[in-house]
Amino acid sequence: MPELPEVETIRGDLDLQLRGARLESVTVSRRWKSLPHTRFHENRSFERRLRGTLVERVDRRSKYLLFQLQPPATLIVHLGMSGQLLLVERSAPRELHTHAVFRIDRGHELRFTDPRMFGRLWLVGADEVEQKIGPLGPEPLSAAFTWRVLATKFAKKQAPVKAALLDMKVVAGVGNIYSDEALFEAGVHPLRACASLTPDELKQLAAHLKSVLRRAVKSRGTTLSDARYADVFGEYGGHVPKVYGRAGAPCLQCGTAVVRGVLGNRGYHFCPRCQR
DNA sequence: CAATCAACCTGGGTGC
DNA sequence: TGCACCCAGGTTGATT
């Protein structure tokens with residue numbers, strides 16, 4: 001569910017709310033503990049090792065949230081498709097599919113819920129983070145990400161550009177919504193082979209990717225009508241996609257019906273007239 | 001190595 | 001009402 005702008009919204013709020021807070025206790029559901037260690041680093045001491053730790057800072061890399069703790073350790077959280085982190089009062093009724101509860105001082109709880117259970121929770125040493133979440137390409141909003149990075153990575157790539165944008169090794173944190181949006185705004189057809197893009201198209205693509213991600217962060221993410229992304233306070237995002245999820249509806253630029261295609265088991269959306 | 005695809009899960013919507 | 005699909009914002013391991 002959440003991509004870079006949604007995860008970044010959550011990160012910012014958690015950093016403000018939890019910096020300096022102590023995790024009084026941590027409980028993980030039996031169901032979640034039964035997951036393979038690729039999704040839950042169960043070492044029997046997850047709860048015990050977290051109890052009493054201090055949250056020093058909350059970082060983000062790609063779609064991963066990194067809780068930097070004291071004594072030194074990193075809690076890695078990935079929300080998968082349907083994961084949520086909710087900051088609530090302890091007395092509030094427990095949400096369905098709650099898999100982990102972090103009791104915070106001052107009477108609050110951080111609850112991790114995830115109906116589809118594609119999320120991950122890992123507790124690792126600070127030096128183990130890279131190997132756990134990597135290898136990852138550059139952060140698209142960093143100065144290190146330019147059209148020249150794309151030019152290098154695309155030079156010998158025959159895969160469709162849509163697939164490449166979803167590849168975390170090419171660029172980190174971009175998912176199905178924002179790859180569709182960036183391609184639409186750049187006027188590039190999703191099925192174009194990476195290596196066929198001209199320098200001008202690469203410039204457009206890099207610039208529009210940065211632009212749409214920045215706008216989405218400012219709007220606190222995207223919440224589709226049929227899905228339920230919410231921030232840590234349960235509030236929805238205000239960003240509205242231009243093509244994603246609009247199959248059959250008129251293109252906002254030319255009025256042509258937006259087309260939905262399937263690539264690698266995932267739907268994508270584009271305007272057959274504006275995107276070449 | 002690069003590209004493609006099935007699998008991992010649950011729940012909501014649709015059409016018969 | 002029941003049921004059999006189809007769809008969903010992600011990642012990854014197996015297979016070509």
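Letters go in sequence order (proteins before strands), and every chain restarts at 1.
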query: Who pairs with A:S82 by side-chain contact (heavy atoms from CB on, under 4.5 Å), at least two apart in sequence or on another chain?
result: A:D114, A:P115, A:R116

- prompt: A:T74: what forms a side-chain contact (heavy atoms from CB on, under 4.5 Å) with it, not counting sequence neighbours?
  reply: A:L66, A:Q68, A:I76, A:V124, A:A126, A:V129

Just checking [X]: base, sugar-phosphate only, or nothing, at a heavy-atom cut-off of under 4.0 Å?
X	result
A:P160	sugar-phosphate
A:T222	base
A:L224	base

Criterion side chain to side chain contact (heavy atoms under 4.5 Å, CB included) on A:R120 and A:W122, from CA distance to verdict: CA-CA 7 Å; A:R120 293 140 197 236; A:W122 290 321; 3.5 Å; yes

Rounded to the nearest angstrom, tell me the gap between atom [atom1] in [X] and atom [atom2] in [N].
X	N	atom1	atom2	answer
A:K132	C:dT12	NZ	P	11 Å
A:M168	C:dG9	CE	P	12 Å
A:L79	C:dG9	CG	C1'	11 Å
A:K63	C:dT12	NZ	C1'	13 Å
A:Q131	C:dT12	CD	P	13 Å

Between [options], which nucleotide gets closest to the side-chain atoms of [X]?
X	options	result
A:E6	C:dG9, C:dG13, C:dT11	C:dG9
A:Y64	C:dG9, C:dG10, C:dT12	C:dT12
A:F118	C:dG10, C:dG9, C:dT11	C:dG10

message: Under a 4.0 Å threshold between the charged nitrogen and the carboxylate oxygen, would A:D231 count as salt-bridged to A:R11?
response: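 A salt bridge is absent here (no side-chain N lies under 4.0 Å from a carboxylate O).
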
message: With a 4.0 Å cut-off on N to O distance, would you call A:K63 and A:E8 a salt bridge?
response: no

Pairwise salt bridge (charged side-chain N to carboxylate O under 4.0 Å, His left out) hits with a residue in residues 234-253 of chain A, at least two apart: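 Only A:E185-A:K242 qualify under salt bridge (charged side-chain N to carboxylate O under 4.0 Å, His left out).
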
task: Please collect all salt bridge (charged side-chain N to carboxylate O under 4.0 Å, His left out) contacts where either partner lies in residues 193-202 of chain A, sequence neighbours excluded, each pair once.
output: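 The answer is A:R192-A:E201.
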
Check: residues 153-161 of chain A side-chain donor-acceptor pairs under 3.5 Å, at least two apart:
residue: A:K153; atom: NZ; partner: A:K169; partner atom: O; Å: 3.0

Which whole number of Å gives the distance between the [atom1] atom of [N] and that of [M]?
N	M	atom1	value
C:dG9	B:dA3	C1'	23 Å
B:dC9	C:dA14	P	15 Å
B:dA7	C:dC5	P	16 Å

field: Nucleotide range of DNA chain B lying under 4.0 Å from chain A heavy atoms
entry: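 The contact span of chain A on DNA chain B goes from B:dA3 to B:dG11.
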
- request: Could you grab the distance from atom CG of A:L121 to atom CG of A:L35, nearest 0.5 Å is fine?
  value: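 Answer rounded to 0.5 Å: 9.0 Å.
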
task: Could you grab the distance from atom CZ of A:F67 to atom CG of A:L110, nearest 0.5 Å is fine?
output: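 So the gap between those two atoms works out to 5.5 Å.
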
field: Residue closer to the 5' end of DNA chain C, A:P2 versus A:T38 (nearest nucleotide)
entry: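 Taking each residue's closest nucleotide, the earlier one in sequence belongs to A:P2.
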
query: With sequence neighbours left out, which residue pairs that include part of residues 247-275 of chain A fulfil the side-chain hydrogen bond (donor to acceptor under 3.5 Å, both in side chains) condition?
result: A:D180-A:H269

task: Using heavy atoms and a sub-4.0 Å distance, could you list which residues of residues 149-159 of chain A are near DNA chain B? By number, please.
output: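 Nucleic-acid contacts, sorted: A:K157, A:Q158, A:A159.
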
task: Taking Watson-Crick and G-U wobble pairs with both distances under 3.5 Å, convert DNA chain C into its dot-bracket string, 5' to 3', dots for unpaired and | for cross-strand pairs.
output: .|||||||.|||||||

field: Residues that A:E95 engages under salt bridge (Lys or Arg N to Asp or Glu O under 4.0 Å), provided they are two or more places apart
entry: A:R111

Got a list of side-chain donor-acceptor pairs under 3.5 Å for residues 140-150 of chain A, not counting sequence neighbours?
residue: A:S142; atom: OG; partner: A:E139; partner atom: O; Å: 2.8
residue: A:S142; atom: OG; partner: A:A144; partner atom: N; Å: 3.4
residue: A:T146; atom: OG1; partner: A:R148; partner atom: N; Å: 3.3

field: Toward the 5' end of DNA chain B, by each residue's nearest nucleotide, A:R39 or A:L96
entry: A:R39

message: Using the rule side-chain contact (heavy atoms from CB on, under 4.5 Å), only one of A:L136, A:V171, A:V174, A:I133 pairs with A:S62; which is it?
response: A:L136

- line: B/S/- along nucleotides 3-8 of chain C (protein heavy atoms under 4.0 Å) is ----SB

task: Take A:Y178 and A:E6 through the test side chain to side chain contact (heavy atoms under 4.5 Å, CB included) and record every step on the way to the result.
output: CA-CA 11 Å; A:Y178 299 105; A:E6 292 74 35; 2.6 Å; yes

